[in-house]
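Since the model is a prediction, treat every value here as computed from it, not as a measurement. Note that these values count all heavy atoms, side chains included, but never hydrogens, waters or copies made by symmetry. To find a chain, count down the sequence lines: A is the first, B the second, and so on, and within it residues start at 1.
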Number of protein chains: 2
Amino acid sequence: MTDEDPVSRYTVRSVAKAFRLLSMVAEAPAEGVTLSEVSQHMGMSKSAAYGLVRTLLDADYLYAREPGPRYCLGTALVWLGDIASRRLPLRDITAPILARLSQQTGLTIRVARVDDGHPVFINRVDAVGAVRFHTPLGVRELPHTSAAGKAILAALPDAEIERIAADCGLPRRTRKTITEVPALLADITVARRRGYAIDDEEDFEGVFCVAAAFFDHDGDCAGALSATGIKVDLPAWRIEELGRMVRAGADEVTGLLGGRPRDREV
Amino acid sequence: MTDEDPVSRYTVRSVAKAFRLLSMVAEAPAEGVTLSEVSQHMGMSKSAAYGLVRTLLDADYLYAREPGPRYCLGTALVWLGDIASRRLPLRDITAPILARLSQQTGLTIRVARVDDGHPVFINRVDAVGAVRFHTPLGVRELPHTSAAGKAILAALPDAEIERIAADCGLPRRTRKTITEVPALLADITVARRRGYAIDDEEDFEGVFCVAAAFFDHDGDCAGALSATGIKVDLPAWRIEELGRMVRAGADEVTGLLGGRPRDREV
DNA sequence: TTCTTTCGTTCGGTATTACCGCACAGCATG
DNA sequence: CATGCTGTGCGGTAATACCGAACGAAAGAA
């Protein structure tokens, strides 16, 4: 066997397998998975899967739900995830601003940080009584299908945008997703002038987002705030108002970061 | 070597080590840990620690913060923790009640589920502008030092309380921690009559908690709601009012669970 | 009922592997 | 310059995690 690419020489394979297992459980239905499903999806014998699962159970990374047993994500992950998210500096700084925007707008407000041009949402505040969007945290999202992603791209030079677009390939998510680089650049040019970016059903049908980026002390984009709602609830005048509010919130974050906004025309 | 107790025959040791490493990082300062600290605390060579860390980095369970590199908990844990906590049935049910209580009281409201008589907090809503308590989620807490723990104990027969007390040994946390079984039983008897439990600086100096339990369809205690504040802000009349509000919130949760409250006198 | 299937669990044996020791490179600091 | 830290690489070997087979139990079919 001379496979070198899939894992580096230094990768501890058992650990990588354990993480693949956790990802599999995370992507499976909430009821959990059975041991046989694990062994099948992981391509390993039942006894090997059993050992892995037992290890995860002992560490509370999984728990067994009767009947079945069906295995679900355990409380140790709640613990680690809580600590990890609390330690993200952006989260504490932005939390009160998220809460205020959520109250003012009655919408779901999220904050993303930048990861190589891609947005990674790190916190979310659902407005009371609002529609709940099942948006994951801690995942690198596509930059061209979300308002936050486009707000982040807008802070980069066009050449950089083209590089990122080439990397991820602008996959289609809905009928209205922008899948061509020129159209993306045009949309971002408009966003730069306007001061906020818009996602008009480009990620999910019927869902509308408004987002604005904030900047750190180097003038680099550190992330974006976004407001998410149902399109039918958002006439043009409301979007304009939302854009101003999100823009103001993002500028406030920039101030708290001790940052200065980069010139709009990059 | 004939050690059998520390790990069962089915434990995948590398994975257990990876989890110990994550716990270590979680308990270390927020700035992260260096490779040498890892190898020391884990009792393994630097090269072995390097392999583990590389594996965790590749999976985004850790990320390297410059300078140093110092290793911190990564976004994959935010992702998994978010999914895990969203899938806890109690969390969705109680979320709006937490938000309402937090607004009404201006305090931090938490919800715990039961794990063998111990409370495990699974969600928290900080009131805007309130003091932030650094209370972890997803961890089995001591039953006798928190209001939530005592509210949960109050739903158990005295014999069961004595067993749990013997298990964890009632360790002291502050000057006012109850460390003797008779005093604990007396405190819980009062809580049963009153309808809510109190933690009067028994876990942290200066911190006061009020909690009430809720019940599932079997009449078993499923968890508790608690309100946490600074003692100097809470005169007796306010505590009484808080107790009524928390009790009402917990009863509401009981209703949503399709449950019926167990008879107070167990 | 009885047969059949499928589940989770357990146990040796062996091929795989993860670890230790050592050596080297990049930075700081003295 | 020397000296103390880092993190990074590479063999060799002891440790190990995996496979395959088998068992008891439970669920479904005849």
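- Residue A:Y50 places its side chain closer to C:dT9 than to any other of C:dT9, C:dG8, D:dG9.
- To the nearest 0.5 Å, the span separating CG on A:L90 from CZ on A:R113 amounts to 8.0 Å.
- The backbone N or O of A:N123 lies less than 3.5 Å from no partner atom in the side chain of A:R91, so there is not a single donor-acceptor pair.
- Using modelled atom types, no side-chain atom of A:H41 and backbone atom of A:L21 make a donor-acceptor pair closer than 3.5 Å.
- Contact annotation: B:R54 side-chain N/O to D:dG7 OP1/OP2 distance is not under 4.0 Å.
- Remark: the backbone N or O of B:P171 is paired with a side-chain donor or acceptor of B:H144 at under 3.5 angstrom.
- The residues B:D60 and A:R140 are annotated as not salt-bridged, no charged nitrogen and carboxylate oxygen being separated by less than 4.0 angstrom.
- Taken from OG1 in B:T75 to CG in B:L80, the straight-line distance is 10.0 Å, to the nearest 0.5 Å.
- Looking at DNA chain D, the stems built from 3 or more consecutive Watson-Crick or G-U wobble pairs, each pair with its key distances under 3.5 Å, are C:4-6 with D:25-27, C:8-28 with D:3-23.
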Practice task
Sugar-phosphate atoms are those with a prime plus P, OP1 and OP2; base atoms are the rest. Using that split, label each nucleotide of nucleotides 17-24 of chain D B, S or - for protein heavy atoms under 4.0 Å, 5' to 3'.
Solution key: SSBB----
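- One can place OH of B:Y10 at 16 Å from P of D:dT16, the figure rounded to the nearest angstrom.
- Atom CD of B:Q40 and atom C1' of D:dT6 are 13 Å apart (whole Å).
- The nearest whole Å value for the distance from the CG atom in A:L35 to the C1' atom in C:dC7 is 9 Å.
- Using a 30° and 60° split on the angle between ring planes, A:Y50 and B:Y10 fall in the perpendicular class, above 60°.
- For the pair B:E37 CD and D:dT6 P, the interatomic distance rounds to 8 Å; values are reported in whole Å.
- Taking a cutoff of 4.0 Å between a charged side-chain nitrogen and a carboxylate oxygen, A:R192 and A:D158 qualify as a salt bridge.
- Residue contacts for A:R70: at a heavy-atom cut-off of 4.0 Å it reaches no nucleic acid atom on any strand shown.
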